[in-house]
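This report concerns only the one structure given below.
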Amino acid sequence: MSATQILLLIAAYFIVLILISYFTGKEDSNEAFFKANKSAPWYLVAFGMIGASLSGVTFISVPGMIGGQQFAYMQGVFGFFVGYLFIISILLPLYYRLNVTSIYEYLEQRFGVVSYKTGAFFFLLSRVTGASFRLFLVALAMQYIVFERIGIPFWITVVISILLIWLYTNRGGIKTIIWTDTIQTLAMLTAVLVAIFLINERLDWTFMEALSSESFSKKSKIFFFDDPNTVTYFWKYFVGGIFIAIAMTGLDQDMMQKNLTCKNNRESQKNMFAMASLLVVVNLIFLSLGALLFIYAEKFGLDIPVVDGRIRTDLLFPEIAMNQNLGNALSITFIIGLIAAAYSSADSALTSLTTSFSVDFLNIHDRPKEDQKPLRKKVHIGVSLLLIIVVIIFNYLEGNVVSNLFKFATFTYGPLLGLFTFGILTKHQIKDKYAWIVALLSIIISFAITNLPESIIGKYQFHWEILPLNGLITFLGLILIRRKQD
């Protein structure tokens, strides 16, 4: 595809999103922006949350995992499902009973102001870093595919990207996101299904023939019980997946804000169960595509892309979609799917960061009514500028530094896990003023543990299990600062 065609495609895509914003953002109120007036249909929220759970990284990286892990990722997905059941039975009823706008308001009611601000701060840190990293990777891909060809520098690509997100989230907020996420989920799944169909056609297979082929079976092993040291070991993936779901969905304002738009707890629970079930199927589809990509590469002698001397299996999907002459249908749907995957996580992050900062740090509900909407709009602009700055900074850092920053962001969910677990499972009160110290030490200790030398931990490779370990350290720290009268 030419640069002009790709630009027209991007423009058409965003025109659709802005039109959705126009119709959903007519009621420009804080209640609509933060909670969609609690009137969102649960089935729409469930489908849209699939896109929000994925990202531009997932869109191209999960298929690329096949090269080293086969279908091992599904072990984590099964863990996700169990984690979602915990969210359905424990966290959603709690949030609806307290009628919170920000889920971190629970920490204030349970422990005090410092715990509340600590939880909200670590969410902001996690989401700013994570959203910026995802946006950076996709902006980099778009720069490589089109903008570099027409002489547009990277920083302008970033500014344009976030400006477009700001335009369609400015008025409707989460009410708009519910609908745009639905469109973006549909775009992602369409891209994957079109790719599967066209690759099978080139391989002269039906989909069922592909699934039953020897080549596919060699790449689709799911369960790994052999070596506890490896990252693919079942219990690492499964148990880690449970806590990943609880922390990064159930304790994440971005994800929970969508759930809180449903009319009541029962509808929100139906939404979460439907989303959890769909996510299992969707990840199976993504991994099946990955197997087909590698089979295609082997059959037609296609080399795995190499960048800076490193084999990049996560670039196999874009390489085949854009450069293997499988037709414009695949190129078009891939570009739209990539944009959708990037912006379905970035737009909801922008909205949830605006909500959290307005509610958790500026106490917007305590301000005079006439000041609330102008304040929210200023915060929305401020968060947009912050994301622009962080993404541009990422571009000037070395690749391994950026990856480590994103990895570090995953550690910051540990204190949230520990705080909420301690609050729900015990009746203890804590010395609230020390909560931030416990949270910070938990991250430092967890990070140090994962970087222990081989002489101490041998060949053991840390994976998702570091999250529950981090949460446990926070939990133990909170026991140490509990009030004596307990």
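Considering only residues two or more places apart in sequence or on other chains, Glu108 meets the side chain to side chain donor-acceptor pair (under 3.5 Å) condition with none of them. Scanning for side chain to side chain donor-acceptor pair (under 3.5 Å) contacts around Asn271 gives Asn259, with sequence neighbours left out. Scanning for side chain to side chain contact (heavy atoms under 4.5 Å, CB included) contacts around Leu19 gives Ile15, with sequence neighbours left out. By the side chain to side chain donor-acceptor pair (under 3.5 Å) test, Ser446 is found to be paired with Asn470, residues two or more places apart in sequence or in another chain being considered. The side chain to side chain donor-acceptor pair (under 3.5 Å) test applied to Tyr106 returns no partner, not counting sequence neighbours. With sequence neighbours excluded, the residues satisfying side chain to side chain contact (heavy atoms under 4.5 Å, CB included) with Ile152 are Phe147, Ile150, Ile156, Thr157.
Annotation: the span from Tyr73 atom OH to Ile66 atom CD1 amounts to 11.5 Å, rounded to 0.5 Å. Interatomic distance, Ile18 CD1 to Tyr13 OH, rounded to the nearest 0.5 Å: 11.5 Å. Note that CD1 of Ile103 and CE of Met256 are 7.0 Å apart. Values are rounded to the nearest 0.5 Å. Note: Thr232 OG1 to Gln70 CD = 9.5 Å, rounded to the nearest 0.5 Å. Atom OG of Ser288 is separated from atom CD1 of Ile199 by 11.5 Å, given to the nearest 0.5 angstrom. Here the straight-line distance linking atom CD1 of Ile466 with atom CZ of Phe411 works out to 5.0 Å at 0.5 Å rounding.
For the pair Asn363 (side chain) and Asp366 (backbone), a donor-acceptor distance under 3.5 Å is absent. Side-chain N or O atoms of Ser442 include none that pairs as donor or acceptor with a backbone N or O of Val438 at under 3.5 Å. For the pair Ser115 (side chain) and Phe111 (backbone), a donor-acceptor distance under 3.5 Å is absent. Remark: side-chain polar atoms of Thr474 are not paired, donor with acceptor, to backbone N or O of Ala439 under 3.5 angstrom. Side-chain N or O atoms of Ser21 include none that pairs as donor or acceptor with a backbone N or O of Leu17 at under 3.5 Å. For Ser356 (side chain) and Ser352 (main-chain N/O), no donor-acceptor pair under 3.5 Å exists by modelled atom type.
Closest heavy-atom contact between Tyr413 and Ala247: CD2-O, 3.5 Å. Between Thr190 and Leu186, the shortest heavy-atom contact is OG1-O, 2.7 Å. Of all non-hydrogen atoms in Ala274 and Ala46, the two that sit nearest each other are CB-CB, 4.0 Å. When every heavy atom of Val159 is checked against every heavy atom of Ile388, the shortest pair comes out as CG2-CG2, 4.0 Å. Contact record, Tyr84 with Ala245: CE2-CB, 3.9 Å, taken as the closest heavy-atom pair. Leu251 and Leu417 get closest at one heavy-atom pair: CD1-CA, 3.5 Å.
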Assess the residue pair Leu124 and Phe357 against the criterion (side-chain contact (heavy atoms from CB on, under 4.5 Å)); give the C-alpha distance rounded to whole Å, side-chain angles, the decisive distance to 0.1 Å, and a yes or no. CA-CA 8 Å; Leu124 290 173; Phe357 195 77; 4.1 Å; yes

Does the pair Gln69 and Val231 meet the rule for a side-chain contact (heavy atoms from CB on, under 4.5 Å), with working shown? CA-CA 9 Å; Gln69 298 190 12; Val231 296; 4.1 Å; yes

Apply the test side-chain contact (heavy atoms from CB on, under 4.5 Å) to residues Phe81 and Ser277: give CA-CA distance (whole Å), side-chain angles for both, the deciding distance (0.1 Å), then the verdict. CA-CA 7 Å; Phe81 188 86; Ser277 304; 3.7 Å; yes

Step by step, work out the side-chain contact (heavy atoms from CB on, under 4.5 Å) result for Trp166 and Ile381. CA-CA 8 Å; Trp166 177 85; Ile381 292 171; 3.6 Å; yes

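Taking 4.5 Å as the limit, every side-chain heavy atom of Leu441 sits out of range of all side-chain heavy atoms of Ile473. In this structure, Ile336 and Ile10 have side chains that are not in contact, with every pair of non-hydrogen atoms separated by 4.5 Å or more. At least one side-chain heavy atom of Val82 sits under 4.5 Å from a side-chain heavy atom of Phe238. Counting heavy atoms from C-beta outward, Thr129 and Val390 have side chains that stay 4.5 Å or more apart. The shortest distance between side-chain heavy atoms of Glu465 and Val239 does not fall below 4.5 Å. At a threshold of 4.5 Å between non-hydrogen side-chain atoms, the residues Leu362 and Arg367 count as touching. At a threshold of 4.5 Å between non-hydrogen side-chain atoms, the residues Thr412 and Phe121 do not count as touching. Residues Lys117 and Val113 form a side-chain contact, since some pair of their non-hydrogen atoms from C-beta on lies under 4.5 Å apart.
Remark: the Tyr95 side chain and the Glu105 side chain contain no N/O donor-acceptor pair separated by less than 3.5 Å. A donor-acceptor pair shorter than 3.5 Å cannot be found between the side chains of Gln253 and Thr355.
Counted within 6.0 Å of CZ on Phe197, heavy atoms from surrounding residues, nucleotides or ligands total 12 or fewer; the atom is thus considered open.
For Phe123 and Tyr104, the ring centers sit closer than 6.0 Å to each other.
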